[in-house]
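Here the structure comes first, spelled out in C-alpha cells, and everything after it is commentary.
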There are 2 protein chains.
Amino acid sequence: MLPFPLQIQPGLPISEQVVYAVKKAVISGLLKPGSRFPSVRAVSQELRIHPNTAHKAIGVLIDEGLLEVHPGIGTVVGQLPSAPSAKELKLFAGQVERLVVEAKNRRLRLDELQAMIERQWNRLTTR
Amino acid sequence: MLPFPLQIQPGLPISEQVVYAVKKAVISGLLKPGSRFPSVRAVSQELRIHPNTAHKAIGVLIDEGLLEVHPGIGTVVGQLPSAPSAKELKLFAGQVERLVVEAKNRRLRLDELQAMIERQWNRLTTR
DNA sequence: ACACGTGTCACATGCTACATGTGACACGTG
DNA sequence: CACGTGTCACATGTAGCATGTGACACGTGT
C-alpha cells in the first residue's frame, strides 16, 4: 500500500497527478520528513503505471526538493524546503493571477474568494 | 489592432492563451459588454495563427458566456454572467486547492497568500 | 437579386507530449 | 556476490494541438 492516496483520472497527465498527490500528502503531514518513500518500481506496480512514468513524477519531486535520493539505498521524504526565491515567487504570482481571473469571471467577491482560500488552507492543515 | 493585449508564448496551447487574454480583458473592463468582438479571421490574422485555432478559442468563450454570437452579423461581448452554479463552484474549489497546495509547498503563510490575492484582485479592477 | 463578411464545420497533415515497452548500468546493502 | 535501489537511453503507439484546405448557412448592404 502506498503512503499517499491517489485515483488516476483521465484528462491530466499521469505523472502530474502523481506529483500533485505527493505534494498534498507532504503538506498535510501524511508523509513526514525523513520517512521512507516507495521505490519507483513499487509506485509503478501499485498504481499500475509504467516505471518510466513513475520515475518522471518522482524526478520532478526531487527537483523541487520534496524528496531526497540516497543512491543504492532509496528515496526519502526531504526536509521542508526553505523560503521561495524571487523567481519562484514571480512564477507563483502568475498562478495567483490565474485564480483571481477565474474568480472574477465567476462574479465572486473578494471576501468570498478569501473565505474559500482559508477553508482549503485549514483543510490541508499539517498534522 | 485587437481590443486586447496578447503575446503568444510557447509552452501553453495557443487557444488557451487567447481564452485567458480575453478573460482578463473582459474583467478589467478593456472589453465592455455589448461592444464588437473581432471576427475569427481578424483575430487569426492579427495574431498570425490559424483561423481554426482562433475559432476554437472563441468557441470556448462562447460556451462560458463571455461572448455572444449573432449569426450573419458577428460576435459581441456578452453581458456579465450570473452567479456560478454548484457544479461550477466545485470545479473552482479544485483550482483553489491547487493554489493552496502550491502556496504551502513554498512555505508561505496564509496572510501572505491572502495579501497576494488581494493585490492581484485590485490590479485587475473593473474600470 | 447579389456580393460580401460573418460564423461554422469537416476533413487531412505534421508536430509534440505523454505513456508505455525494452534493455541496460552504477550504487550501496546484506 | 546477489539483490534492490535509482538512473538512463533508446523505440513504439496514442492523443492533443496547430495548421492546411475546402465548403456551407446566415444576415447585411448594395
Side-chain angles (χ1 to χ4, degrees), chain A residues 1-4 6-22 26 31 33-79, chain B residues 1-4 6-22 26 31 33-79:
Chain A
M1 192 55 183
L2 294 179
F4 56 92
L6 173 56
Q7 281 294 331
I8 303 290
Q9 305 282 355
L12 284 182
I14 296 178
S15 59
E16 285 186 21
Q17 296 186 47
V18 175
V19 168
Y20 186 62
V22 174
V26 168
L31 289 176
S35 66
R36 192 73 168 70
F37 192 82
S39 71
V40 171
R41 292 167 179 84
V43 172
S44 68
Q45 286 177 16
E46 289 284 343
L47 297 178
R48 295 174 156 226
I49 62 180
H50 199 273
N52 288 357
T53 304
H55 180 247
K56 181 179 179 180
I58 293 180
V60 172
L61 294 166
I62 301 289
D63 293 339
E64 297 193 13
L66 277 82
L67 298 182
E68 292 176 0
V69 180
H70 299 273
I73 309 292
T75 305
V76 299
V77 180
Q79 302 303 316
Chain B
M1 190 57 183
L2 293 179
F4 57 91
L6 174 56
Q7 283 295 332
I8 304 289
Q9 305 283 356
L12 284 181
I14 296 178
S15 60
E16 284 186 23
Q17 296 185 47
V18 175
V19 169
Y20 186 61
V22 174
V26 169
L31 289 175
S35 65
R36 192 71 168 70
F37 192 80
S39 71
V40 170
R41 292 168 179 82
V43 172
S44 68
Q45 285 176 19
E46 289 283 344
L47 296 178
R48 295 173 154 228
I49 62 179
H50 200 272
N52 288 357
T53 304
H55 180 248
K56 182 179 180 180
I58 293 179
V60 173
L61 294 165
I62 301 289
D63 292 339
E64 297 193 13
L66 276 83
L67 299 181
E68 291 177 0
V69 181
H70 299 274
I73 310 289
T75 306
V76 299
V77 180
Q79 303 303 316

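Reminder, nothing fancy here: chain letters follow the sequence lines and each chain counts from 1. Computed from a prediction, not measured in an experiment: that's the story for all the values here.
Closest to the side chain of A:H55, out of C:dT6, C:dT8, D:dT7, is D:dT7. Side chain of A:T53, nearest nucleotide from C:dC18, C:dG7, C:dT20: C:dT20.
No side-chain heavy atom of A:L67 sits under 4.5 Å from any side-chain heavy atom of A:V76. Between A:V22 and A:F37, some side-chain heavy-atom pair lies under the 4.5 Å cut-off. The shortest side-chain heavy-atom distance between B:V19 and B:L66 does not fall under the 4.5 Å cut-off.
Pairing each heavy atom of B:V40 with each of B:P51, the nearest pair is CG1-O, 3.4 Å. Considering every non-hydrogen atom in both A:P33 and A:Q79, the closest pair reads CB-OE1, 3.7 Å.
Residues from residues 44-51 of chain A lying near DNA chain C, meaning a heavy-atom separation below 4.0 Å, are A:I49, A:H50 in numerical order.
Checking side-chain atoms of B:Q17 against main-chain N and O of B:Q9 turns up a donor-acceptor pair under 3.5 Å.
The partner of D:dC10 is C:dG21, judged by Watson-Crick or G-U wobble contacts that both fall below 3.5 Å. Base pairing of D:dT30: its partner is C:dA1, meeting the Watson-Crick or G-U wobble criterion (both donor-acceptor distances under 3.5 Å). When Watson-Crick and G-U wobble pairs are counted only if both distances are under 3.5 Å, C:dG30 pairs with D:dC1. Across all strands shown, D:dA15 is found opposite C:dT16 as a Watson-Crick or G-U wobble partner, with both distances under 3.5 Å.
Of the side-chain N and O atoms in B:S39, one or more sit less than 4.0 angstrom from OP1 or OP2 of C:dT6. OP1 or OP2 of C:dG7 has at least one side-chain nitrogen or oxygen of B:T75 nearer than 4.0 Å.
Spacing between atom CD of B:Q17 and atom C1' of D:dC17 amounts to 12 Å, rounded to whole angstrom units. Across the protein-nucleic acid pair, B:L61 atom CG and C:dG7 atom C1' stand 15 Å apart, rounded to whole Å. Atom CD of B:E16 and atom P of C:dT16 are 18 Å apart (whole Å). Here the P atom of nucleotide D:dT28 and the CZ atom of B:R36 are 12 Å apart, to the nearest Å. Atom CD1 in B:I58 sits about 9 Å away from atom C1' in C:dG7, given to the nearest Å.
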Grab the N/O contacts between the protein and nucleotides 23-29 of chain C below 3.5 Å, and write none if there aren't any.
from: C:dG28; atom 1: O4'; to: A:P71; atom 2: O; distance (Å): 3.4

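Looking at A:I58, A:V60, A:T53, A:L47 one by one, the single match for side chain to side chain contact (heavy atoms under 4.5 Å, CB included) with A:V18 turns out to be A:L47.
One distance of note links CD of B:E46 with OG of B:S39; it measures 10.0 Å at 0.5 Å rounding. Atom NZ of A:K56 is separated from atom CD of A:E16 by 8.0 Å, given to the nearest 0.5 angstrom.
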